[in-house]
Amino acid sequence: LLAQVAAEILPKGVLNVICGRGSTVGQPLVEHPLVAMVSLTGDVSTGRKILQAASGTVKRTHLELGGKAPVLVFDDADLNAVVEGLRIFGYYNAGQDCTAACRVYAGGKVYEKLVADLTSAVKGIKVGVQDEDGVEIGPLISDRQRSRVASFVERAQMAGHMEVTAGGQAWGGPSGGGFFYEPTVIAGARQDDEIVKREVFGPVVSVT
């Protein structure tokens with residue numbers, strides 16, 4: 001739809017949308033001698049492949065390889081404001097956002113209360129089909145992505161020192177359809193944990 005709208009505004013050829021797999025569409029584009037620059041939003045493994053493919057013709061590259069947006073909560077913070085912000089920006093678009101506030105570091109004096117208040121707030125988030133009244137977040141993009149999110153949470157639980165204080169379950173949505181995952185809070189995360197270091201890209205916030 002974006003391409004159709006753009007075609008009515010821009011001269012022909014300014015914007016092209018080409019869909020397909022990496023091996024059949026992405027790689028030929030990256031390796032093509034007339035392509036001068038490649039920009040990627042994706043994971044680290046894809047970024048490595050892009051760099052390798054672009055090196056043959058020494059292209060300019062811009063790689064956004066999935067960050068873990070940190071939130072620092074000091075002991076004198078306004079916890080109500082922090083929780084309100086995390087409730088929105090940690091779970092917006094079901095966490096499928098490169099700037100999702102998904103990695104929280106809390107001062108020792110406020111940690112317990114922050115976890116308790118955030119857990120309570122997140123349990124109140126209404127999940128469902130976006131056009132239903134009161135719905136705040138919708139489904140994940142695919143069953144594969146939901147499975148990926150669920151696997152991150154399962155591995156965190158198996159580590160032993162982390163606790164899922166809210167959410168942690170996949171479900172089929174209000175009518176049984178859709179790739180929904182409950183808004184989730186994981187407490188007790190450590191800096192070297194996978195859930196802290198790797199981008200989940202789902203409705204999951206860890207607190208350290």
Has K49 got more than 12 heavy atoms of other residues, nucleotides or ligands less than 6.0 Å from its NZ? no

Value for CG (L51) from CG (L63), rounded to nearest 0.5 Å, stands at 5.0 Å

Single-linkage hydrophobic cluster V149~V127, side-chain heavy atoms < 4.5 angstrom: no

Give a yes or no on whether the backbone of V196 and the side-chain of D193 come within a donor-acceptor separation of less than 3.5 Å. no

Check the pair Y181, Q145 against side chain to side chain donor-acceptor pair (under 3.5 Å), reporting the backbone distance first and the verdict last. CA-CA 10 Å; Y181 197 85; Q145 179 60 17; over 6 Å; no

Looking only at non-hydrogen atoms, find the nearest pair between A94 and P139 and report the distance. CB-O, 4.0 Å

Would you give the length of the straight line joining atom CD1 of I9 to atom CG of L15, rounded to the nearest 0.5 angstrom? 10.5 Å

Looking at K126, I'd like to know if its NZ atom is crowded, meaning that more than 12 non-hydrogen atoms belonging to other residues, nucleotides or ligands lie closer than 6.0 Å. yes

Can you give each donor-acceptor pair under 3.5 Å made by side-chain atoms of residues 65-72, sequence neighbours left out, with the distance rounded to 0.1 Å?
{"residue": "K68", "atom": "NZ", "partner": "I195", "partner atom": "O", "Å": "2.9"}
{"residue": "K68", "atom": "NZ", "partner": "R198", "partner atom": "O", "Å": "3.2"}

OH (Y111) with more than 12 external heavy atoms under 6.0 Å: yes

Side-chain donor/acceptor of R146 to backbone N/O of G202, under 3.5 Å: no

Could you give all pairs that pass the salt bridge (charged side-chain N to carboxylate O under 4.0 Å, His left out) test and reach residues 70-80, with sequence neighbours left out? none

T61 and A54 have their tightest heavy-atom pair at CG2-CB, 3.8 Å

Count I, L, V, M, F, W, Y as connected when their side-chain heavy atoms are under 4.5 Å apart, and connections chain through other members. Are V153 and V200 then in the same cluster? yes

Minimum heavy-atom separation for A106 and L114, please, with both atom names. CB-CD2, 3.6 Å

Taking atom NE2 of H161 as the centre, does the number of heavy atoms from other residues, nucleotides or ligands within less than 6.0 Å exceed 12? yes

How would you list, by chain and number, every residue that makes a salt bridge (charged side-chain N to carboxylate O under 4.0 Å, His left out) with R155, sequence neighbours excluded? E194

On a heavy-atom basis, the closest approach of A156 and M162 is O-CE, 3.6 Å

Given the rule that I, L, V, M, F, W and Y join up when any side-chain heavy atoms are under 4.5 Å apart, are V35 and I50 in one cluster? yes

Residue pairs involving residues 79-106 (criterion salt bridge (charged side-chain N to carboxylate O under 4.0 Å, His left out); sequence neighbours excluded): R87-E136

Cluster check V204, I88: I/L/V/M/F/W/Y, side chain < 4.5 angstrom: no

Could you walk me through whether Y91 and I125 satisfy the side chain to side chain contact (heavy atoms under 4.5 Å, CB included) test, starting with their C-alpha distance in whole Å, then the side-chain angles of each, then the deciding distance to 0.1 Å, before giving a yes or no? CA-CA 9 Å; Y91 300 92; I125 294 175; 3.9 Å; yes

Closest non-hydrogen atoms of P203 and I137, given as atom of the first, atom of the second and distance, are CB-CD1, 4.3 Å

So how far is it from F179 CZ to L140 CG, rounded to the nearest 0.5 Å? 9.5 Å

Interatomic spacing from CD in Q191 to OG in S206 - rounded to 0.5 Å: 9.0 Å

Would you say Q157 and V164 make side-chain contact, with heavy atoms under 4.5 Å? yes

Grab the two heavy atoms, one from C98 and one from T41, that are nearest each other, plus how far apart they are. SG-CG2, 3.8 Å

Look only at the side chain of T184 and the backbone of G167, and say whether a donor-acceptor pair between them is shorter than 3.5 Å. no

Using a 3.5 Å cut-off and no angle test, enumerate the donor-acceptor pairs between side-chain atoms of residues 19-32 and protein atoms at least two apart in sequence or in another chain.
{"residue": "Q27", "atom": "NE2", "partner": "E31", "partner atom": "OE2", "Å": "3.0"}
{"residue": "H32", "atom": "ND1", "partner": "L34", "partner atom": "N", "Å": "3.0"}

If two hydrophobic side chains count as joined below 4.5 Å and joins carry through other members, does F89 share a cluster with V104? no

Examine distances only and state if a side-chain atom of T208 and a backbone atom of Y105 form a donor-acceptor pair shorter than 3.5 Å. no

side-chain hydrogen bond (donor to acceptor under 3.5 Å, both in side chains) partners of S120, counting only residues at least two apart: none

Please identify which of these residues, L118, I186, V122, T119, meets the side-chain contact (heavy atoms from CB on, under 4.5 Å) condition with T165. T119

